Amino acid sequence: MNRERAGPPVADATRREARWERAVLHVDMDAFYVSVELLRRPELVGRPVVVGGTGDRGVVASASYEARAHGVRSAMPTARARRCCPDAVFLPGDHARYREVSESVMARFRAVTPLVEPLSLDEAFLDVTGAQQLSGPPTAIAARLRAEVAEGEGLDCSVGVAPSKFLAKLASEAAKPIADRRGPRPGRGVVTVRRGEELAFLHPLGVEALWGVGPATLARLHGLGVRTVGQLAALPEQAVVAALGDGVGRHLWALAHARDDRPVEVDRPTKSISHEETFEVDIHDRDALEREVVRLADAVGARLRSGGLTAKTVNLKVRFGDFRSITRSVTLSQPFDSGRVLATEARQLLAAVGVEGPGVRLLGVGASGLGRDRPQQLSLEDLAGGDGSAGAAGGGDPESWRTTEGVVDAIRERFGVGAIRPAAAVSPDQQAGAVGDRSPWGPDRRSPDERPSKNRRGRSSSDRPGR
């Protein structure tokens, strides 16, 4: 692994480097989930390792550079990854452990600057403009931070240094190790783009490097004969707008000229919270789906309350066995943070969806329209609700149900997420696993005696598909 050790304090000559007017770092951990697993499984170092959902319907969360050399990539279906690299070791993900390590890494970032914007568990932007007086130039900060993460966490990271977030992210990608069939080649570790060098760095890159260039936009740009960022920058802005539309066209044209003044946001507002589940076998039974809705809604409600958030909109996502996907939503008149409210509304949305034909491959429940308003008393109409409504399950008292959910949160905080779960999420003949017990990357592979049998309609005989 390409690791640098922390050196002596910044030398006077280095400190005399001209102060950057604005300095942004993008720090990206190298193969983060795999690297965390290798700390626990050092005997796998040097082998192709894939972390994610290990079942046939799982997806890859992270792949070692040895596996990447065979074409394995994040978000690839696990079944395809097995075909790409039959010799790879496939490990189920441990999201709780990755979050714990991520918190430790982010704490190291915040020791450098309070201006840290996490993008995910394994990457973040840091604005180090104000840290230069004490810590030296941004390039020295980046090298030292990289060495400290390697020394303190046993993990490698790549760092991009630039005057903007956009260029810093591209620079960190250029700093990454390189996958090679003969073995991973160390990357540069730190790549710096100084003011005045932006276009020389940016313009030779493929146009797909720009944020917002997906497959459809890329096809349109190729139709214009545009292959590189420089070729896009050479076009008149109006020509790009005419081809791509006003919003996308102006956005990409500005990026092609290295124009990005977005600040590093320490408190990025959460826009939505959701949980999705890909099932090991397609579910055709509506009762089983309703139990899944209750389980997913319970997890989303718990996350709302733990973040001190409320929501206004309930979202339902259904992906059928033939890969068709639909979404449905309903906006309520009052903010809520209750998994019970989520479940009630999501079940009503599900009731309007026909699921008996191809069956359901994936189900998701989410909450959006987030804020910090206190949940309000339900109306008299709510209190008089029938089966599954607020009044029926809450004993006619919304405050008592809110208290109950608070007690449930406290139990889970002390004994784990699986310690208590909604009775409506448990099938008659089998306990239902909590969302926190399951992989967010799809079902894991079971031993033959654990696999649910299927009847002629593809329904699980246990009536409890999934992990």
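Just so you know, residue 1 is the first one in the sequence shown, and it goes up from there. Note that the structure is a prediction, hence the values are computed from the model and not measured.
In this structure, Arg47 does not pair ionically with Glu66, as no charged nitrogen and carboxylate oxygen lie closer than 4.0 Å. Residues Glu100 and Arg97 are paired through a salt bridge, judged by an N-O separation under 4.0 Å between the basic side chain and the carboxylate. Asp260 has no carboxylate O lying under 4.0 Å from a charged side-chain N of Lys165, or vice versa, which leaves the two without a salt bridge. Under the 4.0 Å criterion applied to side-chain N and carboxylate O atoms, Arg295 and Glu277 are assigned as salt-bridge partners. In summary, Arg250 and Asp246 engage in a salt bridge, as defined by a charged side-chain N under 4.0 Å from a carboxylate O.
Asp127 and Thr113 are not linked by any side-chain donor-acceptor pair at a separation below 3.5 angstrom, with hydrogens and angles left out of the test.
For the pair Leu121 and Ser102, the tightest heavy-atom approach, listed with the atom from each and the gap, is O-OG, 2.7 Å. The two residues Pro92 and Tyr98 make their nearest non-hydrogen contact at O-OH, 4.2 Å. Scanning all heavy atoms of the two residues, the minimum distance from Thr217 to Gly212 falls at OG1-O, 4.0 Å. Nearest heavy-atom pair across Ala209 and Leu170 is O-CD2, 3.7 Å. Closest non-hydrogen pair, Val240 versus Gly249, comes out as CG1-O, 3.6 Å. The heavy-atom pair separating Ser368 from Ala311 by the smallest distance is O-CB, 3.5 Å.
Put simply, the residue from Val51, Thr54, Val49 that forms a side-chain contact (heavy atoms from CB on, under 4.5 Å) with Phe90 is Thr54.
No more than 12 heavy atoms of other residues, nucleotides or ligands sit less than 6.0 Å from atom CZ of Arg99.
Arg291 contributes atom CZ, which lies 9.0 Å from atom CG of Leu289 (distance to the nearest 0.5 angstrom). Of the inter-residue distances, the one linking His257 atom NE2 with Leu232 atom CG reads 8.0 Å to the nearest 0.5 angstrom. Atom CG in Leu221 sits 9.5 Å away from atom CZ in Arg227 (nearest 0.5 Å). From Leu25, atom CG reaches atom SG of Cys157 across 10.0 Å, with rounding to the nearest 0.5 Å. Considering CG of Leu252 and CG of Leu210, their distance stands at 6.0 Å, rounded to 0.5 Å. A distance of 4.5 Å separates CG of Leu342 from CZ of Phe336, quoted to the nearest 0.5 Å.
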Exercise. Does the side chain to side chain contact (heavy atoms under 4.5 Å, CB included) test come out yes or no for Asp122 and Asp30, once each step is laid out?
Worked result: CA-CA 8 Å; Asp122 61 345; Asp30 297 340; over 6 Å; no
For this session: Would you please test Met76 and Cys84 for side chain to side chain contact (heavy atoms under 4.5 Å, CB included) and show each step?
Result: CA-CA 10 Å; Met76 173 183 287; Cys84 290; 4.3 Å; yes
Exercise. Going through the distances and angles, do Asp282 and Arg57 end up as a side chain to side chain contact (heavy atoms under 4.5 Å, CB included)?
Worked result: CA-CA 11 Å; Asp282 296 340; Arg57 290 189 171 183; 2.7 Å; yes
For this session: Go through the steps for Val159 and His26 under the test side chain to side chain contact (heavy atoms under 4.5 Å, CB included), then give the verdict.
Result: CA-CA 6 Å; Val159 187; His26 180 258; over 6 Å; no
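The cationic atom of Arg262 (NZ for Lys, CZ for Arg) does not lie both less than 6.0 Å from the six-membered ring centre of Phe166 and within 45° of the ring axis.
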